[in-house]
Number of protein chains: 2
Amino acid sequence: MGHSRAAKAENHDRIVQVAADRFRERGVDGISMADLMKDAGLTHGGFYKHFASREMLVAEAVERALADGSAAADAIAANPKATLASLIDGYLSLVHRDQVAHSCAVTTLASDVARSSERVRSAYSAQVDRYVALISKLAAWLPDRKQRGLALAALATMVGAVSMARAVSDEKLSREILKSAADELKSRFS
Amino acid sequence: MGHSRAAKAENHDRIVQVAADRFRERGVDGISMADLMKDAGLTHGGFYKHFASREMLVAEAVERALADGSAAADAIAANPKATLASLIDGYLSLVHRDQVAHSCAVTTLASDVARSSERVRSAYSAQVDRYVALISKLAAWLPDRKQRGLALAALATMVGAVSMARAVSDEKLSREILKSAADELKSRFS
DNA sequence: ATTATCTATAGATCTATAGATAATGC
DNA sequence: ATTATCTATAGATCTATAGATAATGC
């Protein structure tokens with residue numbers, strides 16, 4: 001047993017990250033606290049010394065999952081070589097489709113968030129705003145009054161395409177969805 | 001107790017429809033068989049005379065939810081006055097956003113389907129194909145080689161917009177998402 | 001006699017808690 | 001002494017099944 005306060009903070013952090021990953025993989029209702037604690041290398045008994053309830057873990061974990069995407073977006077925004085085309089191709093890539101545990105929560109957790117607390121939905125809204133700001137920034141050549149609407153529509157296209165690409169059984173159709181969305185967005189923004 | 005074979009078929013049908021609605025509302029993992037049976041006006045004990053397992057009900061219910069959307073699509077396709085704009089406005093309406101229990105399963109159940117059986121994912125693929133065919137038909141003036149790609153991208157935009165519009169906490173942002181997507185799609189297809 | 005549904009329950013799992021154990025930190 | 005995690009378990013809920021009950025249909 002390691003019992004220092006620093007270790008507790010690390011454990012808390014690890015539980016949240018494990019939950020952020022597993023919730024994206026299996027859905028918020030798809031995994032138990034006991035299994036999450038085991039995946040974090042702990043036993044389930046200590047759970048309530050970290051969280052007041054399951055719902056509080058859900059809130060922290062969804063916020064973490066959204067923050068993962070936020071970090072990715074910040075990295076793109078900070079890179080002067082980044083283009084809208086690179087963002088589109090990355091979001092609509094096979095890697096992003098398949099690495100669900102580390103994927104963008106705006107797509108992956110949308111259904112779960114719609115059924116969650118105000119706190120969670122508020123964090124989701126903030127992340128949508130960040131994506132729209134990033135897309136607008138990468139489409140700076142467009143007239144100001146058109147940027148936001150086009151950015152929202154483009155984000156919707158990416159979210160819907162990844163969502164459907166994961167659900168269909170036909171690999172060819174799945175790739176066609178991603179490619180059609182990417183082609184359409186890139187032609188629209190040029 | 002009503003025990004005729006006709007009554008059993010009606011009960012089976014009602015259980016499936018209740019599940020199709022509740023799964024869209026709460027997610028496939030969000031409601032128990034006992035609660036579903038109660039909502040169908042039955043007790044839970046009879047469940048396994050209708051379905052081999054919970055998974056089999058999930059399969060039938062998701063297929064039913066998809067078929068609901070299929071019927072709506074067929075109605076549009078059969079109406080000679082239907083336009084692509086009316087489809088877009090209907091899909092991106094506040095009613096469709098809010099009536100989750102009767103909404104299009106291609107959006108609402110995408111995450112659950114991605115984690116489901118091959119049978120379910122195959123039904124989902126078929127429904128995507130039907131939507132793409134409908135959109136293509138309503139955009140018949142486009143060159144043939146462009147129709148399918150644009151239809152897939154348009155479907156992705158609608159699916160992503162409704163998905164996000166349900167998850168965000170800010171009503172103004174939610175409406176903005178739907179309107180931006182609708183405006184963009186209608187201008188793209190004219 | 002067969003069939004459809006009901007009541008009752010077994011066994012597994014899930015959230016939440018109590019108390020024991022073994023560290024930390026004053 | 002306080003704190004973090006562990007073992008153990010209570011109570012609720014979930015899937016699945018057994019046997020009883022009350023209809024249908026030959």
Side-chain angles (χ1 to χ4, degrees), chain A residues 1-62 64 109 112 115-117 119-120, chain B residues 1-62 64 109 112 115-117 119-120:
Chain A
M1 292 191 197
H3 299 78
S4 73
R5 288 178 180 174
K8 184 182 184 186
E10 280 171 29
N11 284 340
H12 185 100
D13 193 77
R14 200 166 60 257
I15 297 165
V16 172
Q17 189 63 54
V18 164
D21 295 354
R22 293 288 177 279
F23 286 166
R24 274 177 284 188
E25 275 179 359
R26 304 193 194 181
V28 163
D29 294 330
I31 187 161
S32 68
M33 292 160 7
D35 284 343
L36 288 170
M37 291 295 277
K38 190 187 290 179
D39 283 358
L42 299 166
T43 55
H44 62 280
F47 182 87
Y48 289 90
K49 293 288 195 271
H50 286 282
F51 308 96
S53 65
R54 189 187 204 281
E55 193 186 351
M56 292 303 289
L57 169 64
V58 171
E60 280 195 48
V62 174
R64 175 69 59 89
L109 293 178
D112 286 318
R115 291 185 290 263
S116 288
S117 65
R119 172 183 167 184
V120 168
Chain B
M1 289 191 200
H3 300 76
S4 73
R5 287 179 181 174
K8 183 181 184 185
E10 280 171 29
N11 285 340
H12 185 100
D13 192 75
R14 201 166 60 256
I15 297 165
V16 172
Q17 189 63 54
V18 164
D21 294 353
R22 294 288 177 279
F23 286 166
R24 276 177 281 188
E25 275 180 359
R26 306 193 194 180
V28 164
D29 294 329
I31 187 161
S32 70
M33 290 160 8
D35 284 343
L36 288 169
M37 291 295 277
K38 189 186 293 179
D39 283 358
L42 298 166
T43 56
H44 62 282
F47 182 88
Y48 289 90
K49 293 286 195 271
H50 286 281
F51 308 96
S53 64
R54 188 187 204 283
E55 193 186 352
M56 292 303 289
L57 169 63
V58 170
E60 281 195 48
V62 175
R64 175 69 60 90
L109 293 177
D112 286 318
R115 292 185 290 262
S116 288
S117 65
R119 173 182 166 185
V120 168

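Below, read A as the first sequence line, B as the second, and so on, with proteins coming before strands; counting in each chain starts at 1.
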Could you tell me how far apart A:Lys38 (NZ) and C:dT13 (C1') are, to the nearest whole angstrom? 12 Å

Nearest of C:dA4, C:dT24, D:dC6 to any side-chain atom of A:Ser4? C:dT24

The Watson-Crick or G-U wobble partner of D:dA12, with both key distances under 3.5 Å, is C:dT13

A:Asp29 CG to D:dC14 P, straight-line distance once rounded to whole Å: 11 Å

Over how many whole Å does the gap from A:Phe51 atom CZ to C:dT17 atom C1' extend? 17 Å

In whole angstroms, how far is the C1' atom of D:dT15 from the CZ atom of B:Phe47? 9 Å

Send over the distance from B:His50 NE2 to D:dT15 P, rounded to a whole Å. 17 Å

Please state whether the base of D:dT9 and the side chain of A:His44 form at least one donor-acceptor pair under 3.5 Å? yes

From CG of A:Asn11 across to P of D:dT3 the rounded distance in Å is 17 Å

Between CZ of A:Arg54 and C1' of C:dA16 the distance, given in whole Å, is 13 Å

First locate atom CD of B:Glu60, then atom CG of B:Asp13, and finally report the distance between them rounded to the nearest 0.5 Å. 9.5 Å

Below the 4.0 Å mark, does D:dT17 have OP1 or OP2 next to a side-chain nitrogen or oxygen of B:Tyr48? no

What is the distance, to the nearest angstrom, from the NZ atom on A:Lys8 to the P atom on C:dG25? 13 Å

Complement of D:dA23, any strand, by Watson-Crick or G-U distances under 3.5 angstrom: C:dT2

Show, in sequence, the C-alpha distance, side-chain angles and deciding distance for A:Val16 and A:Phe51, and conclude whether the side-chain contact (heavy atoms from CB on, under 4.5 Å) test is met. CA-CA 10 Å; A:Val16 172; A:Phe51 308 96; 3.8 Å; yes

Hey, which of these two, B:Ala6 or B:Gly45, hits DNA chain D nearer its 5' end, going by closest nucleotide? B:Gly45

For A:Thr43, report the nucleic acid contact type (base, sugar-phosphate, nothing); a contact means any heavy atom under 4.0 Å. base

Restricting to non-hydrogen atoms, name the atom on A:Gln17 and the atom on A:Arg24 that form the minimum distance, rounded to 0.1 Å. NE2-NH2, 4.0 Å

So, the side chain of B:Lys8 versus the backbone of B:Lys49: is there a donor-acceptor pair under 3.5 Å, distance only? yes

Using modelled atom types only, decide if a donor and an acceptor are shared between the side chain of B:Asp39 and the backbone of B:Val18 within a distance under 3.5 Å. no

